[in-house]
Asks: 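For reference, the structure I am asking about is given below.
To find a chain, count down the sequence lines: A is the first, B the second, and so on, and within it residues start at 1. What you are looking at is a predicted structure, and each value in this text was computed from that prediction instead of being measured.
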Amino acid sequence: MSQVRVRFAPSPTGFFHIGSARTALFNWLYARHTGGVFILRIEDTDKERNTEAFLNVIYNSLTWLGLNWDEGPKAGGQFGPYRQSERTSIYREYLEKLKAGGRTYEKDGAVYFKISGEPQVIDDAIRGRVERTEEKDFVIVRSDGSPVFHLVNVVDDITMQITHVIRGEDHLSNTSKHTELFRAFGAPLPVYAHIPLILKQNGPGKMSKRDQGALIEEYEQRGYLPEALVNFLCLLGWSPKDDSEKMPLAEIIRRFDLPGVNQTNARFDEKKLAHMNMVYLLEQPADRFVALARDYLKRKNTFAAGWPEDAYFRDVMLLSQPKVKSIEELPAYTAYFFTEDFAVDPKARDKVMGKGDPKARLRELADALKTADFSSDAALEQAVHAQVAAHGVGLGDYIHPGRLAISGTSVGPSFYGLLRVLGRERVLRRIERLLAT
RNA sequence: GUCCCCAUCGUCUAGCCCGGUUAGGACACCACCCUUUCACGGUGAGAACCGGGGUUCGAAUCCCCGUGGGGACGCCA
């Protein structure tokens, strides 16, 4: 069998959204699975609505997701150009074929395609046999001379030798128009595979670019991991048929196939995506996590007053990595590491300072920390434990007021890690400050 | 309205093709355990075969009809 050639053909008329990304992903996965070719083609025949900025959104999002294209803009290829706005002579040539065959007529300045009216049957790789009869002639060239989607889509698929058309189910009823054209050109039909749509998570209808969580760029900006998004996305409408969920990309590629794609629309669930992202985040190597955190905090302008020292920043982030579910939690979670002017949670304060004699305990804790070895968590733990033994109190009698004093909250990373990273000076100063109130 | 597609927990899904399962997993939610924080993790609970007819000894599974959901009906793509 000849090599699989699939294409992703977005129109740069809006932002790149989750449905487009999933379509791109399925095409890419199928190409990689079969050792085929993944082609990026830009469908920019509607001059009114296209902008260069939107084009870059497509390139950036695909690149961020890791969906590299073998042929297309920037990549080149022997079937180019890959932007429809640059292929007008090809469309003119194919239009002539239709004219010569007597399959067109002009009305009000637009060129119409004369349908055959025969039932159009496809053997969809996902849906099986689908039959639909096209009932009306349709416009293939606008009165301003520009070719319409249906024409260019088919001509490009023919000339680029596309073997499999993997696209959203919203195109299923367009398919009869397309097969009419393929037949009029005397070209063999590609294999069609209409994948289910992604429905918005609240309310009726398919996900649109205006819906919450729809834009790919947003995930990049929120510090999501592209591999987590890819893993989540591949499970929307496809299943490996066992209980596997988190899978390395190589495994997804190996297992992905068209018969495994569902026929049912899937509702987008941001909670599950967030969970997938957390699982990936937890296992990130230190350098990657720190880089992600740095990019995010930089974007959030967290350190307007000046960027903290690299080593310190790294310590803070790595201390927090096992505790946060997303990069987005980091600014609030780590705020007190970077300023003395942090808020004290009144609820935590009431709870911690309301019973026993916490101030006496804080004094004892401070005494122990004055001479403690701050070079490791274990050494700090040992120092605190020794003080616990010396005064016959509970460990919690030190940890809870201590945490409140140095972080202003009752939640946070490991207490000893907290002490170590903050350092003796800051810790003692903060304890004294609370003692003074 | 016409045409096309679809139908298992709240959500993503396995099981359906090749009828016999305590209908499985994950997210979310709840409880408990772990941890003297929080999160992670662990254990457990609740939670589904859209309805009606057939076929069959037996139907989530096959067939039909409803109903529901989705999509398409542009000189948008």
Side-chain angles (χ1 to χ4, degrees), chain A residues 9-14 20 42-46 48-50 84 107-112 120 122 124 126-128 130-136 138-150 152-153 167-177 194 196-202 204-206 232-233 235-246 259-260 262-276 278-279 281-283 320-326 329 333 348 351-352 388 394-400 402-404 407 409-415 418:
Chain A
S11 173
T13 55
S20 305
I42 304 297
E43 308 222 334
D44 56 352
T45 56
D46 184 359
E48 302 274 306
R49 291 170 45 183
N50 287 294
Q84 290 180 335
K107 194 169 110 187
D108 302 333
V111 179
Y112 280 73
Q120 301 296 307
I122 59 165
D124 193 279
I126 293 164
R127 276 147 221 288
V130 179
E131 176 181 328
R132 186 172 184 277
T133 305
E134 198 57 37
E135 284 168 359
K136 285 196 316 211
F138 54 92
V139 172
I140 51 176
V141 180
R142 300 184 186 90
S143 44
D144 71 359
S146 62
V148 168
F149 164 71
H150 301 299
V152 298
N153 187 273
R167 44 147 64 148
E169 202 231 59
D170 49 345
H171 284 290
L172 191 53
S173 10
N174 285 329
T175 306
S176 47
K177 286 188 179 69
H194 286 94
L197 301 182
I198 299 178
L199 269 26
K200 61 179 79 187
Q201 66 179 339
N202 300 307
K206 64 173 173 171
F232 168 79
L233 241 26
L235 259 14
L236 232 46
W238 172 76
S239 161
K241 303 299 178 196
D242 59 15
D243 293 336
S244 309
E245 293 213 327
K246 180 171 180 292
N262 297 322
Q263 307 183 330
T264 324
N265 292 164
R267 202 169 285 277
F268 176 72
D269 181 0
E270 64 179 345
K271 292 242 181 76
K272 190 150 185 171
L273 205 205
H275 177 263
M276 184 67 81
M278 178 202 72
V279 173
L281 205 53
L282 232 30
E283 65 172 31
S320 308
Q321 181 179 11
K323 299 290 190 167
V324 297
K325 295 172 141 183
S326 73
E329 292 176 17
Y333 198 81
K351 191 180 164 197
V352 172
V388 164
L395 182 58
D397 295 329
Y398 290 149
I399 288 186
H400 299 309
R403 182 185 292 283
L404 182 77
S407 72
T409 172
S410 59
V411 306
S414 129
F415 184 62
L418 196 54

Asks: Decide whether A:Glu134 and A:Gln120 meet the rule of one side-chain donor and one side-chain acceptor closer than 3.5 Å.
Replies: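 Note: A:Glu134 and A:Gln120 side chains miss the donor-acceptor criterion.
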
Asks: Nearest heavy atom decides the nucleotide; on that basis, is A:Ile399 or A:Leu282 closer to the 5' end of RNA chain B?
Replies: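 On the 5' side of the pair lies A:Ile399.
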
Asks: Using a heavy-atom cut-off of under 4.0 Å over every strand shown, decide if A:Met278 touches base, sugar-phosphate, or nothing.
Replies: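 Counting heavy atoms under 4.0 Å across all strands, the contact made by A:Met278 is with sugar-phosphate only.
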
Asks: What integer number of Å spans the P atoms of B:rC32 and B:rG24?
Replies: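 About 25 Å, rounded to a whole number of Å.
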
Asks: According to a strict under-4.0 Å criterion, is A:Lys206 in side-chain N/O contact with OP1 or OP2 of B:rA72?
Replies: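 Answer yes for this pair, as a side-chain N or O of A:Lys206 is under 4.0 Å from OP1 or OP2.
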
Asks: Run the numbers on A:Thr175 and A:Arg167 for side-chain contact (heavy atoms from CB on, under 4.5 Å), then give the verdict.
Replies: CA-CA 11 Å; A:Thr175 306; A:Arg167 44 147 64 148; 3.2 Å; yes

Asks: Using the six-membered ring of A:Phe138, assess whether NZ or CZ of A:Lys177 lies under 6.0 Å from its centre and within 45 degrees of the ring axis.
Replies: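 Here A:Lys177 passes the 6.0 Å and 45° test against A:Phe138.
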
Asks: In whole angstrom, give me the gap between the P atoms of B:rC16 and B:rA7.
Replies: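 Pairwise P distance, B:rC16 against B:rA7, rounds to 14 Å.
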
Asks: Need the pair for B:rU37. Rule: Watson-Crick or G-U wobble, both distances under 3.5 Å, any strand; none if unpaired.
Replies: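 For B:rU37, the partner nucleotide comes out as none, under the 3.5 Å rule.
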
Asks: Applying ring pair (Phe, Tyr, Trp, His ring centres under 6.0 Å), can you list everything that pairs with A:Phe415, at least two apart in sequence or on another chain?
Replies: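 A:Phe415 satisfies ring pair (Phe, Tyr, Trp, His ring centres under 6.0 Å) with no other residue.
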
Asks: Please report the distance separating the C1' of B:rG70 from the corresponding atom of B:rG44, rounded so that it comes out in whole Å.
Replies: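 Rounded to whole Å, the distance is 37 Å.
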
Asks: Rounded to whole angstrom, note down the C1' distance from B:rG69 over to B:rC29.
Replies: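 One C1' to the other, the span is 25 Å.
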
Asks: OP1 or OP2 of B:rA72 versus the side-chain N and O atoms of A:Lys177: is any pair under 4.0 Å?
Replies: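 For B:rA72, OP1/OP2 do not have a side-chain N/O of A:Lys177 under 4.0 Å.
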
Asks: Please state the P separation for the pair B:rC73 and B:rA31 - nearest whole angstrom.
Replies: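 49 Å, rounded to whole Å.
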
Asks: Give A:His171 one of three labels, base, sugar-phosphate or nothing, depending on what nucleic acid heavy atoms sit under 4.0 Å from its own.
Replies: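 Here A:His171 touches the bases of the nucleic acid.
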
Asks: Using ring pair (Phe, Tyr, Trp, His ring centres under 6.0 Å) as the criterion, list what pairs up with A:His171, not counting sequence neighbours.
Replies: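 If we apply the ring pair (Phe, Tyr, Trp, His ring centres under 6.0 Å) test to A:His171, skipping adjacent residues, the hits are A:Phe149.
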
Asks: Identify the nucleotide, in any strand shown, that forms a Watson-Crick or G-U wobble pair with B:rC73, with both distances under 3.5 Å; if there is none, say none.
Replies: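 B:rC73 is paired with B:rG1.
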
Asks: I'd like the P distance from B:rA77 over to B:rC40, given in whole Å.
Replies: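 Going atom to atom, P in each nucleotide, I get 47 Å.
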
Asks: Closer than 4.0 Å, any side-chain N/O of A:Lys323 to the OP1 or OP2 of B:rC40?
Replies: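 Indeed not, no polar side-chain atom of A:Lys323 lies that close.
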
Asks: I need the CD-C1' distance between A:Gln321 and B:rC38, as an integer number of Å.
Replies: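 The distance from CD of A:Gln321 to C1' of B:rC38 comes to 16 Å, rounded to the nearest Å.
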
Asks: Please assess A:Glu169 against A:Arg127 for the test salt bridge (charged side-chain N to carboxylate O under 4.0 Å, His left out), listing each intermediate value before the final yes or no.
Replies: CA-CA 10 Å; A:Glu169 202 231 59; A:Arg127 276 147 221 288; 3.5 Å; yes

Asks: Would you give the length of the straight line joining atom CD1 of A:Ile140 to atom OH of A:Tyr112, rounded to the nearest 0.5 angstrom?
Replies: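 Going from the CD1 atom of A:Ile140 to the OH atom of A:Tyr112 covers 11.0 Å.
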
Asks: More 5' along RNA chain B: A:Val141 or A:Ser414, using each one's nearest nucleotide?
Replies: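 Between the two, 5'-proximity favours A:Ser414.
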
Asks: State which residues pass side-chain hydrogen bond (donor to acceptor under 3.5 Å, both in side chains) with A:Glu245; sequence neighbours excluded, sorted by chain then number.
Replies: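 A:Lys272.
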
Asks: Given side chains that start at C-beta, do those of A:Ile126 and A:His194 come closer than 4.5 Å, heavy atoms only?
Replies: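 Side chain of A:Ile126 against side chain of A:His194, heavy atoms only: no contact under 4.5 Å found.
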
Asks: How far does the P atom of B:rA60 sit from the matching atom of B:rA23, given to the nearest Å?
Replies: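 10 Å, rounded to whole Å.
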
Asks: Can you list everything that forms a ring pair (Phe, Tyr, Trp, His ring centres under 6.0 Å) with A:His400? Sequence neighbours excluded, please.
Replies: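 By the ring pair (Phe, Tyr, Trp, His ring centres under 6.0 Å) rule, A:His400 matches no residue at all.
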
Asks: Side chain of A:Asn174, base of B:rA77: donor and acceptor closer than 3.5 Å?
Replies: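 It does, because a donor-acceptor pair links the side chain of A:Asn174 to the base of B:rA77 below 3.5 Å.
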
Asks: What is the pairing partner of B:rU55, taking Watson-Crick or G-U wobble pairs with both distances under 3.5 Å in any strand?
Replies: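 Base-paired to nothing in any strand shown.
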
Asks: Might you work through the side-chain contact (heavy atoms from CB on, under 4.5 Å) test for A:Lys206 and A:Ile198, ending with a clear yes or no?
Replies: CA-CA 6 Å; A:Lys206 64 173 173 171; A:Ile198 299 178; over 6 Å; no

Asks: CD of A:Glu329 versus C1' of B:rA39: gap in Å, rounded?
Replies: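 Atom CD in A:Glu329 sits about 8 Å away from atom C1' in B:rA39.
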
Asks: Name the pairs: protein N/O against N/O of nucleotides 60-65 of chain B, kept only if under 3.5 Å.
Replies:
none

Asks: Between A:His275 and B:rC27, does any side-chain N or O lie under 4.0 Å from OP1 or OP2?
Replies: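 Checking B:rC27 against A:His275, a side-chain N or O does come within under 4.0 Å of OP1 or OP2.
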
Asks: May I ask which nucleotide in the shown strands pairs with B:rG19, Watson-Crick or G-U wobble, both distances under 3.5 Å?
Replies: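 Check on B:rG19: unpaired, no WC or wobble geometry under 3.5 Å.
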
Asks: Does the protein touch nucleotides 3-19 of chain B at the base, only the backbone, or not at all? Give it as B, S and - per nucleotide, heavy atoms under 4.0 Å.
Replies: SSBSS---SBSSS----

Asks: Of the listed nucleotides (B:rC38, B:rG74, B:rC76), which one gets closest to any side-chain atom of A:Arg142?
Replies: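 Looking only at side-chain atoms, A:Arg142 lies closest to B:rC76.
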
Asks: Please pick, from B:rU36, B:rC38, B:rC75, the nucleotide with the shortest atom-to-atom distance to any side-chain atom of A:Val148.
Replies: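 So the side chain of A:Val148 is nearest to B:rC75.
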
